[in-house]
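All remarks here apply to the structure that follows.
Counting starts at 1 for both ligands and their atoms, following the listed order. Both backbone and side-chain heavy atoms feed into the values below; hydrogens, waters and symmetry mates do not.
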Amino acid sequence: MAEGYDYLLVEPGTVAVVTLNRPDVLNALSAAVLTELSRTLRALDDDPATRVVIITGSGTRAFAAGADIAELAALQSAVDAKVMARTGQALTRQIERMRVPAIAAVNGFALGGGCELAMACDVRIASEAARFGQPEVNLGIIPGYGGSQRTTRLVGRGQAMYLCLTGEIIGADEALRIGLVDRVVPAGELMNEAHRVARLIASKAPLAVAACKRAIDTGAHLSIDDALEVEASEFADLIPTADFEEGTRAFLEKRGAHFTGR
Ligand code: COA
């Protein structure tokens, strides 16, 4: 990961941190940002040393205030618009399919594409200063990076309709209440809390973490019977692993487990 970055700050490691870095435009997600983010996350996910990725925004005001409205305004055709939506959708799907869990540490505005990016992450931790919304209706469009679909899956049809039809920007406590985020902490504690949760996940058996993520993501789109079949297969695949043997033996020997990812 020695290359330079134009729009991101990247700290590789067991817990990697990727910071969206266009604070002058509230970390708006231009096409170039999406490309760089996709390439970076792929490299981190391919590196066995990475166990969790934290995604956050630079500056104090925004996680990401949405797709870059200057680029939106320049769209010339329905074909171009569909390419744009597909690019953002591909990135969010990539995050959901990564081996390593992604934690969104939402430090400020998470609007439109920013909210959609956060929703694609596996865990969302918000600062008390965070603000959420799908304000696309104000621009005469609808969410294009999965927002009309993931809101429904995450917070239910009613709250999804409310967010997408009104474009209302809601605070962190309301986001917590409706299930749009998982934890809310004071602004000064956001990264500490994100790292605490990341280290907790990183301390678990890596193959089990990856399997758990796959089972939840795959099962969410299936019937309960098909989803339970996925769970049974993922469960069974872990039994021959060294980490299962280590985890069970460590419990019986009343000591901490030392997982190796095998
Ligand atoms: N795309 C491009 N630029 C953006 C942006 C976006 N999504 N969101 C904010 N910016 C830019 C502003 O144009 C402004 O640039 P300037 O300083 O060159 O004028 C800068 O970021 C600061 O934003 P500003 O609007 O001045 O801050 P504010 O505190 O008055 O308002 C928001 C903050 C988040 C409420 C407001 O910026 C906003 O509504 N942004 C758009 C949100 C949106 O609709 N996102 C969905 C897009 S599909």
Does the pair Asp243/Lys204 count as a salt bridge with the N-to-O cut at 4.0 Å?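 No, Asp243 and Lys204 are not salt-bridged.
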Salt-bridge test for Arg255 and Glu246: reply yes if a basic N is under 4.0 Å from a carboxylate O, no otherwise.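 Salt bridge present between Arg255 and Glu246.
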Atom 11 (C) of ligand 1 - nearest protein heavy atom and its distance: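 Scanning the protein heavy atoms, the shortest distance from atom 11 (C) of ligand 1 goes to Val25 CA, 3.8 Å.
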Could you tell me, atom by atom, which parts of ligand 1 come under 4.0 Å of a heavy atom of [X]?
X      : answer
Leu72  : 48 (S)
Leu111 : 34 (C), 42 (C)
Ala28  : 1 (N), 2 (C), 6 (C)
Glu136 : 48 (S)
Asp68  : 1 (N), 2 (C)
Pro135 : 43 (C), 44 (O), 45 (N), 46 (C)

Could you grab the distance from atom CZ of Phe63 to atom CG of Leu117, nearest 0.5 Å is fine?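 Going from CZ on Phe63 over to CG on Leu117, the span is 4.5 Å.
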Between the side chain of [X] and the main-chain N/O of [Y], is any donor-acceptor distance below 3.5 Å?
X      : Y      : result
Asp68  : Ala28  : no
Ser203 : Leu200 : yes
Thr151 : Gly147 : yes
Glu116 : Pro143 : no
Arg61  : Phe109 : no

Regarding atom 47 (C) of ligand 1: of the candidates Leu139, Leu29, Ile142, which has the closest heavy atom?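 Comparing heavy atoms across Leu139, Leu29, Ile142, the nearest one to atom 47 (C) of ligand 1 lies in Leu139.
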Below 3.5 Å, N or O to N or O, backbone or side chain included: is there any such pair between Ile69 and ligand 1?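 Yes - when backbone and side-chain N and O of Ile69 are compared with those of ligand 1, one distance drops under 3.5 Å.
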N/O to N/O below 3.5 Å, does that happen between Ala70 and ligand 1?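 So ligand 1 has no N or O lying under 3.5 Å from an N or O of Ala70.
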In this structure, would Tyr145 and Val18 fall into the same cluster of hydrophobic residues linked by side-chain contacts under 4.5 Å?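 Looking at the clustering, Val18 is in the same group as Tyr145.
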Common cluster, Val33/Ile54, ILVMFWY with side-chain heavy-atom separation under 4.5 Å: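 In one cluster: no.
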Given the protein's heavy atoms, is any one of them under 4.0 Å from [atom]?
atom                    : answer
atom 36 (C) of ligand 1 : no
atom 8 (N) of ligand 1  : yes
atom 20 (C) of ligand 1 : yes
atom 23 (O) of ligand 1 : yes
atom 30 (O) of ligand 1 : no

Are Arg61 and ligand 1 in contact, using a heavy-atom cut-off of under 4.0 Å?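 Flag set, Arg61 near ligand 1.
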With a 4.0 Å cut-off on heavy atoms, is Leu26 in contact with ligand 1? yes
Ligand 1 versus Ala65, non-hydrogen atoms closer than 4.0 Å: side chain, backbone, both, neither? both
Under a 4.0 Å heavy-atom limit, does Asp24 contact ligand 1 with its side chain, its backbone, both, or neither? backbone
If you compare all heavy atoms of Asp122 against all heavy atoms of Asp182, which two are closest, and at what distance to 0.1 Å?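 Closest approach of Asp122 to Asp182, heavy atoms only: O-OD2, 4.5 Å.
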